Asks: 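What follows is a structure written as structure tokens; I'll ask about it next.
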There are 2 protein chains.
Amino acid sequence: MTSGLSQLLEAAPPRYRTATEYVEATLREAILSGAIAPGTPLRQEELATTFKVSRMPIREALRQLEAQALVDFEPHRGAVVVQITLLDAMDNYAIRAALEPQALRLSIPHLGEEDFTIAEEILAEIDQETDPGRMGELNRRFHMTLYAQAGLPRLIALTEQHLASADRYLRFHLAAIGDMGQDEHRDMLAACRAGDEARALDALARHHGRASTAMRAFFEAREAPRG
Amino acid sequence: MTSGLSQLLEAAPPRYRTATEYVEATLREAILSGAIAPGTPLRQEELATTFKVSRMPIREALRQLEAQALVDFEPHRGAVVVQITLLDAMDNYAIRAALEPQALRLSIPHLGEEDFTIAEEILAEIDQETDPGRMGELNRRFHMTLYAQAGLPRLIALTEQHLASADRYLRFHLAAIGDMGQDEHRDMLAACRAGDEARALDALARHHGRASTAMRAFFEAREAPRG
DNA sequence: TGCCTGTCGATTGGATCCAATCTAACAATT
DNA sequence: AATTGTTAGATTGGATCCAATCGACAGGCA
């Protein structure tokens with residue numbers, strides 16, 4: 001049959017099926033990575049020329065980004081890249097601190113050796129990585145590998161979405177605590193391997209707690225450097 | 001000054017500022033209430049004539065509903081109202097079981113007597129209500145009243161969104177357990193009043209747990225009535 | 001009969017055009 | 001001088017038009 005061909009098609013699917021998909025994915029990546037600064041107004045005409053499409057796919061993409069809380073939309077005034085504030089960061093942490101333990105808890109019983117191997121490889125990659133952007137990507141993949149067996153697609157997608165949003169705070173995170181929390185990562189992985197749910201959840205909670213308090217201290221020091 | 005005027009404007013804002021807003025809000029309500037059945041294909045031309053607008057606001061609205069996971073969008077094939085399945089319901093419960101305790105926990109310390117009074121009134125209304133649609137609305141308002149003081153807008157919005165999604169399962173919920181869990185509601189409210197976080201969270205967990213297991217049993221009985 | 005192929009209507013995706021709204025600068029009035 | 005009114009340009013919202021894709025059905029071929 002065509003199993004060889006279908007493998008090829010799996011490996012190289014047509015990149016985007018519609019212009020809207022293309023614009024949406026590219027814009028989201030640009031916002032999350034910080035390539036477009038928070039507060040930047042997104043002019044439809046301007047985006048249309050840079051993407052070499054009409055304003056229509058731009059408009060549809062912006063609508064979807066609005067629903068994902070990546071841009072603010074005001075009628076007749078256009079879209080603006082959402083700001084990064086302490087409140088936003090705390091909001092994101094609170095949401096992840098709720099979703100991630102749930103995903104991990106449901107996933108742990110179904111994790112297998114293949115998952116642990118992949119997670120281990122990602123941890124090793126993180127150790128050697130220096131580029132902040134790639135580190136965010138690797139961090140996300142590590143976490144999602146451990147959550148992937150939860151079996152609830154919406155929970156997983158929602159968790160991944162908010163983990164991706166956290167990339168926006170990555171620069172601040174690194175400035176605040178300097179590392180990606182590899183100690184907690186390793187502890188979490190070891191606990192998962194041992195099937196020790198309580199310990200894994202504890203490691204994850206420490207992970208969130210440490211990052212969240214560090215971030216808060218960092219922002220508050222920034223906002224009132226001399227009081 | 002104009003404090004009287006601004007109160008008036010608060011009370012009666014222009015209903016919708018754009019056609020897209022209007023279509024989106026109306027369609028969402030229709031989907032959540034079940035007025036449009038799961039699996040229904042949403043033809044753009046058809047919707048355009050019923051809403052008396054062109055296809056353009058329809059398209060933008062459908063994009064936003066897709067990002068909210070209320071319709072499935074397939075390129076060149078259009079939008080379909082998402083199905084109601086056991087997996088979907090479990091997914092929704094898992095997400096709410098993660099988000100709601102977090103919101104409640106953060107909100108409890110800032111709840112005041114006004115909030116308790118409002119919550120109490122809503123509970124009384126639920127007791128007398130028979131219309132399932134209104135009961136979903138009231139249930140949502142009760143929960144959100146207790147979560148509202150969490151101080152994190154995104155967490156609150158996300159929680160409310162998934163609480164609203166649960167309205168889609170309301171018929172099944174009522175068929176499965178017959179009531180809205182008023183006992184747990186009352187226990188939760190009393191615990192909040194007493195500032196007893198642990199007891200409030202416990203009541204909420206029982207609320208979710210009971211609903212979730214009942215729903216699972218109900219679906220499984222439906223899917224394999226004679227095996 | 002069963003399967004492939006081509007064609008046509010229906011539907012969506014994208015481009016272009018027009019109308020409505022916002023912003024800012026400037027003029028006019030007190 | 002400060003506030004209000006006006007007007008022009010920029011920008012978004014909405015409508016219409018054309019192109020691309022999908023699905024079903026009919027016809028040809030083994």
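Everything numeric in this text was worked out from a predicted model, so none of it was measured. So that the names make sense, note that chain A is the first sequence line, chain B the second, and so on, each numbered from 1.
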Asks: When you look at B/Gln68 and A/Gln68, which way does the side-chain hydrogen bond (donor to acceptor under 3.5 Å, both in side chains) test go after all the steps?
Replies: CA-CA 8 Å; B/Gln68 294 164 34; A/Gln68 296 165 31; over 6 Å; no

Asks: May I ask you to say whether B/Arg17 pairs ionically with A/Glu74, meaning some side-chain N is under 4.0 Å from a carboxylate O?
Replies: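 Judged by the 4.0 Å cut-off on N to carboxylate O distance, B/Arg17 and A/Glu74 do form a salt bridge.
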
Asks: Let me see the working for B/Glu137 and B/Arg140 under salt bridge (Lys or Arg N to Asp or Glu O under 4.0 Å), right down to the final yes or no.
Replies: CA-CA 5 Å; B/Glu137 157 86 16; B/Arg140 181 159 82 243; 3.4 Å; yes

Asks: Checking the side chain of A/Arg105 only, and the main-chain atoms of A/Ala150 only, is there a donor and an acceptor separated by less than 3.5 Å?
Replies: no

Asks: In residues 51-58 of chain B, what donor-acceptor pairs under 3.5 Å come from side-chain atoms, sequence neighbours left out?
Replies:
| unit_1 | atom_1 | unit_2 | atom_2 | d |
| --- | --- | --- | --- | --- |
| B/Ser54 | OG | B/Met56 | N | 3.2 |
| B/Arg55 | NE | B/Gln44 | OE1 | 3.0 |
| B/Arg55 | NH2 | B/Gln44 | OE1 | 3.2 |

Asks: Indicate, with yes or no, if the rings of B/His185 and B/Phe142 have centres closer together than 6.0 Å.
Replies: yes

Asks: Consider side-chain hydrogen bond (donor to acceptor under 3.5 Å, both in side chains). Of B/His208, B/His207, B/His162, which one does B/Glu100 pass it with?
Replies: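 Of the listed options, the one satisfying the test is B/His208.
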
Asks: Going 5' to 3' along DNA chain D, which are the first and last nucleotides with any atom under 4.0 Å from a heavy atom of chain A?
Replies: D/dT11 to D/dA15

Asks: Looking at residues 64-81 of chain A, who's got a heavy atom less than 4.0 Å off DNA chain C?
Replies: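 Under 4.0 Å from DNA chain C: A/His76, A/Arg77.
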
Asks: Do NZ/NE/NH1/NH2 and the carboxylate oxygens of B/Glu125 and B/Arg134 come within less than 4.0 Å?
Replies: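 Salt bridge: yes.
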
Asks: Could you give the distance from CD1 (B/Ile122) to OG1 (B/Thr145), rounded to the nearest 0.5 Å?
Replies: 3.5 Å

Asks: In the structure I gave you, are the side-chain heavy atoms of A/Leu47 and A/Leu42 within less than 4.5 Å of one another anywhere?
Replies: yes

Asks: Please list, by residue number, the residues of residues 20-27 of chain A whose heavy atoms come closer than 4.0 Å to an atom of DNA chain D; answer none if no residue qualifies.
Replies: none

Asks: Can you list everything that forms a side chain to side chain donor-acceptor pair (under 3.5 Å) with B/Arg141? Sequence neighbours excluded, please.
Replies: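 Applying side chain to side chain donor-acceptor pair (under 3.5 Å) to B/Arg141 gives none.
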
Asks: So which heavy atom on B/Thr159 is nearest to which on B/Ala103, and how close?
Replies: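 Minimum heavy-atom contact is OG1-CB, 4.3 Å.
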
Asks: Residues from residues 36-55 of chain B sitting under 4.0 Å of DNA chain D, heavy atoms only?
Replies: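 Those residues whose heavy atoms fall under 4.0 Å from DNA chain D, taken from residues 36-55 of chain B in numerical order, are B/Val53, B/Ser54.
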
